[in-house]
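See structure below.
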2 protein chains.
Amino acid sequence: MSRSTPRNETMSIARLARHLGLSEGTISRALNNYPDIAEKTRERVQKAARELGYRPSSSARRLARGVIETIGFVLPTCRTQHSDPFLAEILNGLATELALHDWDLLVSAVPDGQNEVDVIDRLVGSCKVGGFVIARTRRHDARVDYLRQSGVPFVVQGRTDDPSDYSWLDIDNEQAFIDAVSYLRRLGHVKIACLSGDPTMNFAWQRRSGYLHAMAQQGGHIGVGYLIDGITDAVSAKDATNRLLSITENDRPTALLCVTDAVAIGAMQAINGAGLGVGRDISVMGFDGLPIGQAVHPALTTLHQDSYEIGREAGRMVLGLCTDPSSLPKQTLWQAKLTPRASVNPPGTSPAQHNQGG
Amino acid sequence: MSRSTPRNETMSIARLARHLGLSEGTISRALNNYPDIAEKTRERVQKAARELGYRPSSSARRLARGVIETIGFVLPTCRTQHSDPFLAEILNGLATELALHDWDLLVSAVPDGQNEVDVIDRLVGSCKVGGFVIARTRRHDARVDYLRQSGVPFVVQGRTDDPSDYSWLDIDNEQAFIDAVSYLRRLGHVKIACLSGDPTMNFAWQRRSGYLHAMAQQGGHIGVGYLIDGITDAVSAKDATNRLLSITENDRPTALLCVTDAVAIGAMQAINGAGLGVGRDISVMGFDGLPIGQAVHPALTTLHQDSYEIGREAGRMVLGLCTDPSSLPKQTLWQAKLTPRASVNPPGTSPAQHNQGG
DNA sequence: TTGACTTACGAAAGCGCTTTCGGTAGCGTG
DNA sequence: CACGCTACCGAAAGCGCTTTCGTAAGTCAA
């Protein structure tokens, strides 16, 4: 481990060169595996570099090469809302993939009084990043507009409503909710309600569309007040669900599709609080696959997505764009995995039949 | 907005200099507000820079100055466990504070087969970062050992069991759990159990210590099996709580202190699942102040900490260390805020008295 | 042995910015 | 008018690395 050697105070290529009696250029080429270096010299140089704890200065290298090898990421500015459970996972995947290729991830936040585009512009303009990844995409997203005209390679996790000419990767939210409705319909549910999210966020919009389309196509019944928008966390979900529960029993939905697991958990609490049984009187379905969904009672049926892998794929994509700038926009669609658990059962399931498994 | 000007392809100081008929040195000094520049010239230069969309190259500047202006952060490698709800908040606060001072945050992850110290060493050694922030600190933490001998300024969120000679900031976990026990004792609880976390993590160890000390000092009763270690998520919490519930009613705890809100929620599910009432038969208390704690039923009493502010303070501290390397280690202790809600009541509370508020 | 050709390396010019040093013009003072 | 002084700016040397170009030695065929 080079880490055990004394600290790399000023170990430069120049010092290595003097130490070995070679020129700086030779050292550089030997370390970077250029072809026109004698095998013997290369090994001698690399051995010395290892032993003396040489580490290239990334600023110098970047300046000389004119490349950046850094990807930018701006944290979504939703401080008021739930701390996004994906974010850590996605960042982890992204950072891992970048680290494997010796690229860096530069993370920034949006200070009060600035907007996201200002921050992106600052990072791009000062040549601090050579590419960008953005997440939590809105249907119309100024960040995408900016990046599109900036010429900087970028990858969008999620997509806008006009996702034609840039690279993105996304869960097939619409299909996922279509699958969810199919699943509920097969079990016999007809009256299916939906707690939808912030309609300016595209993932929420797409799930909502999937719900509406599938309900129309598969003969579900959307009663008055069945579709509630703007539910972003467990607290607002609880209120909204209580409104649903105030509908007379005949018109009340037997199943509830929730835009996220957090919303689903809020809904479950409201149902339990009203003395009704989740998965018996009302089936509840979430989206995300949060670990907590396995611990609530009954365990939450959900549409699972692997955020870590999404982050890694975003990393691969943006690296591809950066290293081969002529490459065409690439788009990847993932399918969410329907994970049946105890919170969804056929309507009218008696307590005895109630599936307790996880 | 400079963003509306044509892209900054090759707008360098050299071009500015030619354009204005000045030397490069003058441009640089004018832009950086050196004293020996005529006011008129300074304004002329800054105006031209703005209009031509000049942005300094950070690599060049860093190379010339020999400073880094970047803080490193390595994402905790707990992929198997819960995605830490703080992380996003802390990162947000940290990145915000750094952004306000035009510093950058470099985030890395730990690829399979490497450990955290390798990653830190790589970032420090290649001069990519000038300071470090670490989180999720263990009682004995190799990262701290490494950073201590490396000479790099760093701040630890949390602390090790030997927190004497470096900078850290932490919640007073021990005091928080002492306060929690006091609160429960004042309400009349005697038999108080504790779901503790991974004992190698110092926050969990400290909370556990607080529980043990306070129980000894305040005359609580710790029955057999009351203290359960290694509970890190809602799922394991559910199992552990079921074990507690299997104790005969006379010896069963009337209150349950949980190392985190996620654990508390798992415990609540187990209690509800056993047909008992949270806040009636057994009071439950968490730690974190997650939003979801307000949505569960009954609402979760918890010890609240503001992760965003912790992140910002970490940023301030590490900036202080980096800009004034001679400054002494600084240590900040925060108090968690006890937030009473409905999940905790005096023992033997009848359903009628049961506080339903949130 | 000579010529052309390959191999392996040194010399040196950058990359874009900072900063020290020195010099000129303008000012005031005696 | 000579002197010193300040204010302002240009020249130039880096920061540590990359890369082009050139060249000396080594290889091979004729």
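Chain letters run A, B, ... following the sequence lines, proteins first and then strands; every chain starts at 1. Given the structure is predicted, the values throughout are model-derived calculations rather than measurements.
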Quiz item: Do B/Asp121 and A/Arg55 meet the salt-bridge criterion of a basic N to acidic O distance under 4.0 Å?
Solution: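 Salt bridge between A/Arg55 and B/Asp121, a charged N being under 4.0 Å from a carboxylate O: yes.
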Separation of [X] atom [atom1] from [N] atom [atom2], in whole Å?
X: A/Arg62; N: C/dC17; atom1: CZ; atom2: P; result: 16 Å
X: B/Asn33; N: C/dT19; atom1: CG; atom2: P; result: 13 Å
X: A/Arg18; N: D/dC17; atom1: CZ; atom2: P; result: 12 Å

Self-check item: Expected output: side-chain B/Asn32 to main-chain B/Ser28 donor-acceptor under 3.5 Å
Solution: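 Side chain of B/Asn32 to backbone of B/Ser28: a pair is present.
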Quiz item: Is the side chain of A/Gln46 donor-acceptor paired with the backbone N or O of A/Ala30 at a distance under 3.5 Å, no angle test?
Solution: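 Answer holds: yes.
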Self-check item: Distance-only donor-acceptor check, side chains A/Glu97 and A/Asn92, under 3.5 Å
Solution: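 No, no side-chain donor-acceptor contact under 3.5 Å.
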Quiz item: In this structure, are over 12 heavy atoms from other groups packed under 6.0 Å from A/Asp112 atom CG?
Solution: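 For A/Asp112, atom CG is not crowded (no more than 12 foreign heavy atoms under 6.0 Å).
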Practice problem: Classify every nucleotide of nucleotides 4-16 of chain D by which part a protein heavy atom approaches to under 4.0 Å, writing B for the base, S for the sugar-phosphate alone and - for neither, in 5'-to-3' order. | Solution: ----SBB---BBB
